[in-house]
Protein chains: 2
Amino acid sequence: MAPPPTSTISHIVSLVLKILMFVSLLVALVVLVTDSATISLTVVSTNMKIHFDDVYTYRYMLASIIFGFVYSLAQTALSLYHIIKGSPLFTGDAVFVFNFYADKVISYLLATGSAAGFGATKDLKASADALGLTDLDGYFDKGFASASLLLLAFLCAALLSIFSSYALPKIVSST
Amino acid sequence: MAPPPTSTISHIVSLVLKILMFVSLLVALVVLVTDSATISLTVVSTNMKIHFDDVYTYRYMLASIIFGFVYSLAQTALSLYHIIKGSPLFTGDAVFVFNFYADKVISYLLATGSAAGFGATKDLKASADALGLTDLDGYFDKGFASASLLLLAFLCAALLSIFSSYALPKIVSST
């Protein structure tokens, strides 16, 4: 068996982070897509049902959650394979380079999804409060909850991205 | 003169990215802090002047712009020193590790500032349009402009972060 590039402990830390990221994104997904509210508009005397996708930013959040979810699922599976079989499924410098860029892109995607979610929720809630639309409090609280889980997933992705940066083959050594 | 860790061309590319980041953030800052609008509220028959800091997300954008601005200024100065003097002001593995983490944090900060700006602006504008508050179009357009410049600064920071990841001393080689 070829010596692994990093120790078993770092593989397990890596796996735990991937699972935590996966679970956070799964819960974030459920919280986000089930987010809806009914608002009674006294001005026009009508009730209006709103869903998560009525906020544009929540659509972007959904996209970032789905990409992150699929990626964390694949990475968790690869980590489990590595730990169980004792050697990685894919080998070679290209794998480290791929992981480096993929971890980086996914971490930016989750960071932006979470930030956009927090920003839009905070200001929409302030606007709704100013208009007296208290019916929306629960709706925005679920938005905050989903953005918070996305932030947790981002923190896992950022740590994984640090690991994959250290695992990057140096240009000088790969030539 | 000690051999530089990377070629002169990559130093120049790096410098150009730092200057572009610096200029984008400077313009983003000016656009954001000068953003204001006067809305006439027909319901209560009054005029209301709003400034950039009335949107909570814009305050976060401002913070991310200021941090990025100061950082890009310092990094530009260090790059210029390196190119003019022929050797860096600070040397040693610790500098590469510092640059790696600092570039990473700054790039996340700019990414989240830009994303939050786009998200909040898009949804606040949609809400304002739904309420017939067309007075705010210019205000939100400036919000979009500042977020776009922040996105450009983020792209520079992300590229610089890739460079500093490759320049990272490997754990195995630094022990």
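Residue numbering restarts at 1 for every chain, and letters A, B, ... go by the order of the sequence lines. Atoms considered below: every heavy atom in the structure, side chains included; atoms not considered: hydrogens, waters and symmetry mates.
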Report task. Please tell me if the side chains of B/Lys125 and B/Asp137 come closer than 4.5 Å, counting only heavy atoms from C-beta onward. Result -> yes
Query raised in the report: Where does B/Leu131 contact chain A at under 4.5 Å (heavy atoms): side chain, backbone, both or neither?
Result: side chain
Query raised in the report: Between A/Phe100 and B/Tyr166, does the ring centroid distance fall short of 6.0 Å?
Result: yes
Query raised in the report: What are the residues of residues 101-119 of chain A, in order of number, with any heavy atom under 4.5 angstrom from a heavy atom of chain B?
Result: A/Tyr101, A/Lys104, A/Ser107, A/Tyr108, A/Ala111, A/Thr112, A/Ala115, A/Ala116, A/Gly119
**Report entry** chain B interface, residue from A/Ser164, A/Ala126, A/Ala128, A/Ser161 that has the most non-hydrogen pairs under 4.5 Å
**Finding:** A/Ser161
**Report entry** Over all atoms of both residues, closest heavy-atom pair of B/Phe163 and B/Leu17
**Finding:** CE1-CD1, 3.7 Å
Query - Engaged part of A/Tyr56 at the chain B interface, taking heavy atoms whose separation is under 4.5 Å - result: both
Query raised in the report: Would B/Asp123 and A/Thr57 satisfy side-chain hydrogen bond (donor to acceptor under 3.5 Å, both in side chains), going step by step from the backbone distance to the final call?
Result: CA-CA 7 Å; B/Asp123 280 302; A/Thr57 302; 2.5 Å; yes
Query raised in the report: How about A/Ser146 and A/Tyr58: does a side-chain donor come under 3.5 Å of a side-chain acceptor?
Result: no
Query raised in the report: Are any of the side-chain heavy atoms of B/Ile50 and B/Val55 separated by less than 4.5 Å?
Result: no
Report summary line: Minimal heavy-atom distance between B/Leu152 and B/Ser24, with the atoms involved, is CD2-OG, 3.4 Å
